[in-house]
Chemist: 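Have a look at this one.
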Number of protein chains: 2
Amino acid sequence: MEYTVHIRMNANLYLRNPDSSELGRKIVRQGILMFADIGFEEATFKKLAERIGTKEASIYRYFESKHRLLIYIVDWYWQWMEYQLVYETHNLTDPKEKLERALHLLLHIDLPETIRTSDSADGIDLKALHGIVVHEASKAYLTHHVTEDNSQHLFKPYKDLCNRLARMIQDVRPQYAFARSLASTLVETAHYQTFFMQHLPSLTNFEPTGGASQLLLFLRHLLFSALHQPAV
Amino acid sequence: MEYTVHIRMNANLYLRNPDSSELGRKIVRQGILMFADIGFEEATFKKLAERIGTKEASIYRYFESKHRLLIYIVDWYWQWMEYQLVYETHNLTDPKEKLERALHLLLHIDLPETIRTSDSADGIDLKALHGIVVHEASKAYLTHHVTEDNSQHLFKPYKDLCNRLARMIQDVRPQYAFARSLASTLVETAHYQTFFMQHLPSLTNFEPTGGASQLLLFLRHLLFSALHQPAV
DNA sequence: GTGCATTTGATAGTTTTACTATCATTATTG
DNA sequence: CAATAATGATAGTAAAACTATCAAATGCAC
């Protein structure tokens with residue numbers, strides 16, 4: 001059996017669908033590598049064009065700005081993550097087990113019994129992409145125009161993922177009053193603790209490299225402590 | 001009795017000490033208002049010069065870049081916050097009570113028994129400054145040059161605050177293994193949950209306005225659940 | 001395979017940002 | 001009062017973030 005899962009993106013994110021041409025797909029794939037290599041601030045469409053072997057103007061035909069490209073990329077990631085989460089949990093009955101898998105996915109830690117999730121999908125470098133999510137994802141919404149962007153549903157993939165997590169939390173403990181906030185806190189914490197671990201390790205209790213499994217212990221304890229403690 | 005607490009800043013943050021002249025102080029005070037008004041991305045030294053009634057070049061004599069000015073401003077905030085925390089907790093013996101005060105301070109919620117903390121210090125608009133911390137603070141470290149900046153101790157005030165919190169956590173429960181990570185998580189969560197509450201409320205369980213006290217309940221529950229739950 | 005439409009390439013240009021440099025003028029201080 | 005330092009005023013550069021135009025190439029329809 002062969003199949004590919006294709007992620008459909010919100011049309012407000014682009015001027016021309018990057019998925020409809022080889023150039024478009026290169027913009028996204030190489031855009032990911034560029035952001036991962038030099039960071040969002042240092043990245044420009046000119047540099048990206050040089051990487052690809054095309055011209056700046058051609059990229060502007062697909063994306064109106066570097067910021068929209070960033071949102072496209074992180075949205076792709078959230079949608080991919082939500083798919084993984086659905087796939088990895090749909091056969092489970094214990095809601096705690098579902099949350100356990102969610103934590104592993106968020107941290108890119110393979111479960112012992114699972115076959116290694118592939119390193120690429122649609123030609124996208126998932127490791128580089130994870131790095132972008134850790135280092136740059138919050139810049140997608142931390143802008144002065146967050147409200148306009150939100151009204152175009154640009155953050156829907158992130159919200160959808162958090163919502164799904166929140167429902168799992170609710171399933172474990174229906175009377176818990178902060179499922180949504182706890183869900184977004186878990187996602188955010190997974191990422192900036194990873195960032196701190198790598199760059200400002202004194203803000204964490206983890207080793208700069210390979211601390212992901214320690215971070216998992218922290219998140220698990222945080223999550224299940226909150227759910228086992230009597231509700232407020 | 002009259003006294004003022006003066007916050008001394010790391011000299012690596014500036015080219016000329018903005019505290020040493022009226023123009024320098026205006027740059028900081030009006031810089032805060034500019035960032036709060038139009039956001040970090042839209043802000044420029046030219047616009048700031050126009051607000052102040054000076055020239056762009058004069059601002060460059062104080063700060064080498066907009067990014068350094070941002071770090072200066074958020075560092076001021078963290079040092080101010082740490083001072084408040086020390087002041088508000090030094091007479092307390094119960095370490096849980098100390099953490100309780102810390103949460104109030106982080107969220108700018110006045111304790112009933114405390115006299116309202118003033119809205120300004122050194123002529124700085126603390127409300128605007130809190131907004132900057134919520135919206136822009138993570139941009140101080142989410143850069144490609146975080147390591148160089150860190151080696152110049154630019155994030156020390158943030159680390160100092162988190163460390164102090166971590167010690168309070170450790171005092172409540174010495175065997176808890178993640179005091180540092182829990183401390184930075186509390187600080188970060190206080191801020192981005194505030195952001196979500198205001199701009200992407202479906203990611204939270206709080207009302208877009210006046211939800212700070214609900215957020216306090218969430219943080220308190222998260223913190224004390226983790227500390228009451230048996231250690232990992 | 002020719003004709004038509006769409007995509008891309010190549011080039012050019014604009015506005016704004018993020019600086020740096022220079023020199024005269026105005027405060028400050030010893 | 002003289003020297004020194006800070007500021008104002010002006011100018012200039014390099015790069016970023018776009019927009020515009022037109023020709024060349026490519027795809028696709030019949």
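All values reported here derive from a predicted model rather than from experimental measurement. Residue numbering restarts at 1 for every chain, and letters A, B, ... go by the order of the sequence lines.
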Chemist: State which residues pass ring-ring contact (aromatic ring centres under 6.0 Å, His included) with A:Tyr62; sequence neighbours excluded, sorted by chain then number.
Modeler: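 Result, ring-ring contact (aromatic ring centres under 6.0 Å, His included) vs A:Tyr62: none returned.
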Chemist: Not counting sequence neighbours, list each pair that qualifies as a salt bridge (Lys or Arg N to Asp or Glu O under 4.0 Å) and has a residue in residues 39-49 of chain B.
Modeler: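 Output for this query lists B:Glu41-B:Lys139.
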Chemist: Does atom OH of A:Tyr83 have more than 12 heavy-atom neighbours, drawn from other residues, nucleotides or ligands, at distances under 6.0 Å?
Modeler: yes
Chemist: Find the distance between CG (A:Leu165) and CG (A:Leu182) and round it off to the nearest 0.5 Å.
Modeler: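 Result: 9.0 Å between the selected atoms.
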Chemist: How close or far is atom P of C:dT7 from atom CG of A:Leu15, stated in whole angstroms?
Modeler: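 Nearest whole value for this atom pair: 12 Å.
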Chemist: With sequence neighbours excluded, give me every salt bridge (Lys or Arg N to Asp or Glu O under 4.0 Å) pair touching residues 51-62 of chain A.
Modeler: A:Asp37-A:Arg51
Chemist: For the pair B:Arg180 (side chain) and B:Ala166 (backbone), establish whether a donor and an acceptor sit closer than 3.5 Å, ignoring hydrogens and angles.
Modeler: no
Chemist: For the helix from C:dG1-D:dC30 to C:dG30-D:dC1, measure the angle between the helix axis at one end and the axis at the other, each built from five pairs, rounding to 10°.
Modeler: 30°
Chemist: Can you tell me if B:His135 and B:His130 form a side-chain donor-acceptor pair at under 3.5 Å?
Modeler: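 No, no side-chain donor-acceptor pair sits under 3.5 Å.
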Chemist: Take atom OH of A:Tyr60 and atom P of C:dA12, then tell me their distance rounded to the nearest Å.
Modeler: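 Rounding to the nearest Å, OH of A:Tyr60 and P of C:dA12 are 19 Å apart.
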Chemist: What is the separation between atom CD1 on B:Ile59 and atom P on C:dA21, rounded to the nearest whole Å?
Modeler: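 Those two atoms, CD1 and P, are 18 Å apart.
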Chemist: Test of understanding: with side chain to side chain contact (heavy atoms under 4.5 Å, CB included), list the residues that count as partners of A:Asn150, not counting sequence neighbours.
Modeler: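 For A:Asn150, the residues satisfying side chain to side chain contact (heavy atoms under 4.5 Å, CB included) (neighbours in sequence not counted) are A:Phe155, A:Lys159, B:Leu200.
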Chemist: Provide a list of protein-nucleic acid N or O atom pairs under 3.5 angstrom, restricted to nucleotides 25-30 of chain C.
Modeler:
none

Chemist: What is the distance from CD of A:Glu56 to C1' of C:dT14, rounded to the nearest Å?
Modeler: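 A:Glu56 atom CD is separated from C:dT14 atom C1' by 13 Å.
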Chemist: Identify the pairs formed between an N or O of the protein and an N or O of nucleotides 5-8 of chain D at a distance under 3.5 Å, and give each distance.
Modeler:
{"unit_1": "D:dT7", "atom_1": "OP1", "unit_2": "B:Ser21", "atom_2": "OG", "d": "3.4"}
{"unit_1": "D:dT7", "atom_1": "OP1", "unit_2": "B:Tyr62", "atom_2": "OH", "d": "3.0"}
{"unit_1": "D:dT7", "atom_1": "OP2", "unit_2": "B:Arg16", "atom_2": "NH1", "d": "3.2"}
{"unit_1": "D:dT7", "atom_1": "OP2", "unit_2": "B:Tyr62", "atom_2": "OH", "d": "2.6"}
{"unit_1": "D:dG8", "atom_1": "OP2", "unit_2": "B:Thr54", "atom_2": "OG1", "d": "2.3"}
{"unit_1": "D:dG8", "atom_1": "OP2", "unit_2": "B:Ser58", "atom_2": "OG", "d": "3.2"}
{"unit_1": "D:dG8", "atom_1": "N7", "unit_2": "B:Arg61", "atom_2": "NH1", "d": "3.4"}
{"unit_1": "D:dG8", "atom_1": "O6", "unit_2": "B:Arg61", "atom_2": "NH2", "d": "2.7"}

Chemist: What orientation do A:Trp76 and A:Trp80 show, parallel under 30°, tilted 30 to 60°, or perpendicular over 60°?
Modeler: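 Rings of A:Trp76 and A:Trp80: parallel, under 30°.
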Chemist: What is the distance, to the nearest angstrom, from the CZ atom on A:Arg25 to the C1' atom on C:dT7?
Modeler: 14 Å
Chemist: Which whole-number value in Å describes the distance from B:Glu50 CD to C:dT17 C1'?
Modeler: 13 Å
Chemist: Using nucleotides 14-16 of chain D, report all nitrogen or oxygen pairs with the protein that are shorter than 3.5 Å.
Modeler:
none

Chemist: When you measure from every atom of DNA chain C, which of residues 136-152 of chain B have a heavy atom less than 4.0 Å away?
Modeler: none
Chemist: What is the separation between atom NE2 on A:His67 and atom P on D:dC18, rounded to the nearest whole Å?
Modeler: 11 Å
Chemist: Strictly by salt bridge (Lys or Arg N to Asp or Glu O under 4.0 Å), give each pair with a member in residues 67-81 of chain A just once, sequence neighbours left out.
Modeler: A:Arg68-A:Asp149
Chemist: Tell me, which pairs form a ring-ring contact (aromatic ring centres under 6.0 Å, His included) where one or both residues lie in residues 4-39 of chain B, sequence neighbours left out?
Modeler: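 Qualifying pairs, neighbours excluded: B:Phe35-B:Phe40.
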Chemist: Taking the ring of B:Phe195 and the ring of A:Tyr141, is the distance between their centroids below 6.0 Å?
Modeler: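 Judged by ring-centre distance (under 6.0 Å), A:Tyr141 and B:Phe195 do meet the cut-off.
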Chemist: Does the plane of the ring in A:Tyr72 sit parallel, tilted or perpendicular to the ring in A:Phe63? Use 30° and 60° as the thresholds.
Modeler: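 Rings of A:Tyr72 and A:Phe63: perpendicular, as their planes differ by over 60°.
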Chemist: Between A:Thr189 and B:Glu188, do the side chains contain an N or O donor and an N or O acceptor separated by less than 3.5 Å?
Modeler: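 There is no such pair (donor and acceptor under 3.5 Å, judged by atom type) between the side chains of A:Thr189 and B:Glu188.
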Chemist: Under the side chain to side chain donor-acceptor pair (under 3.5 Å) test, which residues partner B:Arg167, sequence neighbours left out?
Modeler: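 For B:Arg167, no residue satisfies side chain to side chain donor-acceptor pair (under 3.5 Å) once neighbours in sequence are set aside.
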Chemist: With rounding to the nearest 0.5 Å, note down the distance linking CG in B:Asn205 to OG in A:Ser184.
Modeler: 8.0 Å
